[in-house]
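Below: the structure, in structure tokens.
In what follows, chains are A, B, ... by sequence order, proteins preceding strands, each numbered from 1.
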Number of protein chains: 2
Amino acid sequence: MSRKRSASPTLGDVAELAGVSLATASKALNARGEVAAGTRRRVLKAAEELGFQHNALARGLTSGTTRMVGLITDELGGRFAIPILLGVENALGDEQMSVLLCDARGDAIRRRHYISTLVARQVDALIILGDRNDVRPSLSADIPVPVAYVYAESDSPDDLSILADDEGGARLAAEHLVSLGRRRIGHITGEETYRAARDRAAGMAAVLEEHGLSPAGGGALYGAWSQRWGHQAAGVLLSAEPGLDAVFCGSDQIATGVVEGLRDLGRRVPDDVAVVGYDNWEVFAAECRPPLTTVDLNLQHLGATAVRHLFGALNGEQASGVVRQPGRLVIRESTGPAARPH
Amino acid sequence: MSRKRSASPTLGDVAELAGVSLATASKALNARGEVAAGTRRRVLKAAEELGFQHNALARGLTSGTTRMVGLITDELGGRFAIPILLGVENALGDEQMSVLLCDARGDAIRRRHYISTLVARQVDALIILGDRNDVRPSLSADIPVPVAYVYAESDSPDDLSILADDEGGARLAAEHLVSLGRRRIGHITGEETYRAARDRAAGMAAVLEEHGLSPAGGGALYGAWSQRWGHQAAGVLLSAEPGLDAVFCGSDQIATGVVEGLRDLGRRVPDDVAVVGYDNWEVFAAECRPPLTTVDLNLQHLGATAVRHLFGALNGEQASGVVRQPGRLVIRESTGPAARPH
DNA sequence: CTGAAAGCGCTTACAG
DNA sequence: CTGAAAGCGCTTACAG
């Protein structure tokens, strides 16, 4: 398999075979219009015959655009990077663009290094993906191409940040529970150091207040982003609030633990207690017994939105500020109509 | 943020500032040795001052190497692509190389298209990632650079395939259970259409036979790669084999369902029944109650191995055939010492 | 040790 | 409509 890179046919070869000049061959292949139909046909045929492919390097050098976008992630292994990356890749594919991927592994030095590597590679634009939704220092200073910050927010108002609406997502969940007639609603979530956790708690608290309700257990229970914590916290919440009739969870993993914990304590889901998750992570949400009603942040769409804005910027449109993209509620059985009317 | 790509300094600018020729500047920066120390210093200083970065396009055009590797995945969203990708990215980063990522989404046309795009972009090598470990038709015919097939096997012996040793991984699990004194060992796994499922079942069956044991329930129970199936199959297996004392599962997801199913039927894990998973997918394996003993296929290492072989090929080493990389057993509480001696 | 020149493979004014 | 020429930013023999 270690064939040497065989001399691939060049535009010169095509021109020769077609009996035209380099310039004409180039114009014909690029459909620049100013070529006779017959000539064009001959060139196309020659290219076809030789299996000609433009050398992207040479093309980039002359045209000034590489049709490559650099994507820097913080933590590819994390849960958020992949769906966003997928959305980016999809959107770029539609435009015949490619993504050059770098994983900074949460290291600032490495991030700077990758940025300059990508710039040296002449990417047309850059996407900087965060693994949590906190605000972070802008990195745009030395970047001569458009940049989009996705998921994590840049602290500079001159930058473009594309964010998921965590507070709004939480509101959807809470409104849903309230509309189902639930009144004693608790919130079990992950680490308080995450803005995601705080935003979701805030969204939920706001809805409860609007409806004149107070949070079951006195407020959000912060802990870890794990099933184990959910399982444990379910017990804690239940002793604090025996009349508990709903729990909104900060993640589907937590929700899975909560559902098990409630079951172990003899509560039926959703009959006694309705449960809502967050993330719509299929392997948890769909496989939970019962399957979870949850909030889908539409991360894939987040990536696509970033690409769209970047294209805008490349076309000279102004691109800065914060775009906050709404999530949606996915309703499954864990909030099925309550058995007990209120 | 939508600054135009400002005229980045070129090598010419550096040469001018340093008062030397283009050629000398190039040699100085590339440490080609044949430059006076003082000159070299001046050039370096000038480069530093201007914030000079080589234009990778121009460099690639003249040097014939881009230091980019194309990576084509089948299904980025799948469970296997990410760890492997991470391993590749890591290994490449050490060599100052970048990865150009394309997701073919399991579409053959799209795969072909991406291959030619990547070749046109002059990648130095290509990695083709499969999302299941089946054998697939070689794609190397039109690829003028070294190619490594990872996770899925190419059907051509001239190609290089880097695979996980699924049968060996299953043997580790089965040997572990037998060594613990378990004798009535069942196997619950995913879809039989997956070679992964068949290989693992075969590895387990071989070990049982070597020890003169026959499989609990009469043989592998094939189903789906889900907790739900695990939960259900646990019941099936238990009625077929009431004396069941161990289950080897085809995935951690399945194992999670099995553990729950056994608990629902009044069996204690590991006291009554030991359970082994597969994948070492942390969010399941570590969060299961009890945490799962499982097989880690070392996927990240698979990616690194592919990169190493590819570098070998770039240096003219012969690179073809199948490399099968062993997994390892991760022991957790789900196989803790049996309470009942046998 | 240094530099002028050719060349990598393309595109794009500019003449004809 | 067609083509000769310059140029993109670099590297690398080759002379000096």
Check: B/Ser154 main-chain N/O paired with B/Arg136 side-chain donor or acceptor under 3.5 Å: no

Main-chain N/O of B/Arg59 paired to B/Ser63 side chain as donor or acceptor, under 3.5 Å: yes

Lys/Arg N to Asp/Glu carboxylate O, B/Asp103 vs B/Arg111, below 4.0 Å: no

NZ/NE/NH1/NH2 to OD/OE distance under 4.0 Å, A/Asp107 and A/Arg105: no

Sugar-phosphate, base or nothing in reach of B/Ala36, heavy atoms under 4.0 Å: sugar-phosphate

Pair A/Thr73-A/Glu75, side-chain donor/acceptor within less than 3.5 Å: no

Test item: side-chain donor near acceptor, A/Arg121 and B/Ser98, under 3.5 Å: yes

CD on A/Gln122 to CG on A/Leu57, rounded to 0.5 Å: 10.0 Å

B/His309 NE2 to B/Ile162 CD1 distance, which is reported to the nearest 0.5 Å: 4.5 Å

Protein and nucleotides 6-10 of chain D: nitrogen or oxygen contacts under 3.5 angstrom:
{"unit_1": "D/dC10", "atom_1": "OP1", "unit_2": "B/Asn55", "atom_2": "N", "d": "3.1"}
{"unit_1": "D/dC10", "atom_1": "OP2", "unit_2": "B/Leu11", "atom_2": "N", "d": "2.3"}

Paired and unpaired positions of DNA chain D as dot-bracket, Watson-Crick or G-U wobble under 3.5 Å, | denoting a partner strand: |||.||||||||.|||

Spacing of A/Lys27 atom NZ relative to C/dA15 atom P, expressed in whole Å: 14 Å

